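Heads up, the thing below is written out as structure tokens.
For the single chain, residues carry numbers from 1 onward in sequence order. Bear in mind that the values here come from a model prediction, so they are computed numbers and not experimental data.
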Amino acid sequence: LAGIQTSDVGLSARSYNCLRRAGLDTMADVFRKAEEGNVTVNLTAWTVDVKGLLGIRNLGKKSTLEVLEKLEEYGVDISKYVTEYELEGM
């Protein structure tokens with residue numbers, strides 16, 4: 001993750017800009033930020049323990065889920081963040 005730049009992973013402009021402004025330049029930085037704090041957010045189909053990601057200015061629920069999905073694409077087990085999947089509402 002350390003060598004993977006957030007600018008290279010295909011995030012939306014909003015998500016990327018939020019991470020960039022927060023000083024999170026690599027996916028390793030994003031992973032470390034995800035490990036901070038402890039905040040549980042109920043998205044329509046997911047209950048997500050996003051920890052430090054929601055502390056990033058303007059990074060809302062959808063962007064947070066997008067960032068977590070990108071971490072998963074790079075081999076991070078997001079099951080410790082995504083604690084419940086509900087088929088209803090999908």
Subject >> Arg57 and Arg21, any side-chain heavy atoms less than 4.5 Å apart >> reply: no
Subject >> OH-CG distance between Tyr16 and Leu59, expressed to the nearest 0.5 angstrom >> reply: 14.0 Å
Subject >> Contacts of Thr6 that satisfy side-chain hydrogen bond (donor to acceptor under 3.5 Å, both in side chains) - sequence neighbours left out >> reply: none
**OP:** Output all residues satisfying salt bridge (charged side-chain N to carboxylate O under 4.0 Å, His left out) with Arg20, sequence neighbours left out; order by chain, then residue number.
**Re:** none
Original post:
Would Ile4 and Thr26 count as a side chain to side chain contact (heavy atoms under 4.5 Å, CB included) if you check the C-alpha gap in whole Å, the side-chain angles of each, and the deciding distance to 0.1 Å?
Top reply: CA-CA 5 Å; Ile4 302 169; Thr26 68; 6.0 Å; no
Original post:
How many angstroms lie between OG1 in Thr64 and CD in Glu69, if you round to the nearest 0.5 Å?
Top reply: 11.0 Å
**OP:** Spell out, as yes or no, whether a donor-acceptor pair under 3.5 Å connects the side chain of Asn17 to the backbone of Arg14.
**Re:** no
Original post:
Is there side-chain contact between Ile56 and Leu19, with heavy atoms separated by less than 4.5 Å?
Top reply: yes
Subject >> Full working for side chain to side chain contact (heavy atoms under 4.5 Å, CB included) between Glu66 and Ser12 >> reply: CA-CA 8 Å; Glu66 177 189 13; Ser12 66; 2.9 Å; yes
Subject >> Set of residues satisfying side chain to side chain contact (heavy atoms under 4.5 Å, CB included) with respect to Glu72, sequence neighbours excluded >> reply: Ile78
**OP:** Mark yes or no for whether Lys70, through its side chain, and Val9, through its backbone, hold a donor-acceptor pair below 3.5 Å.
**Re:** yes
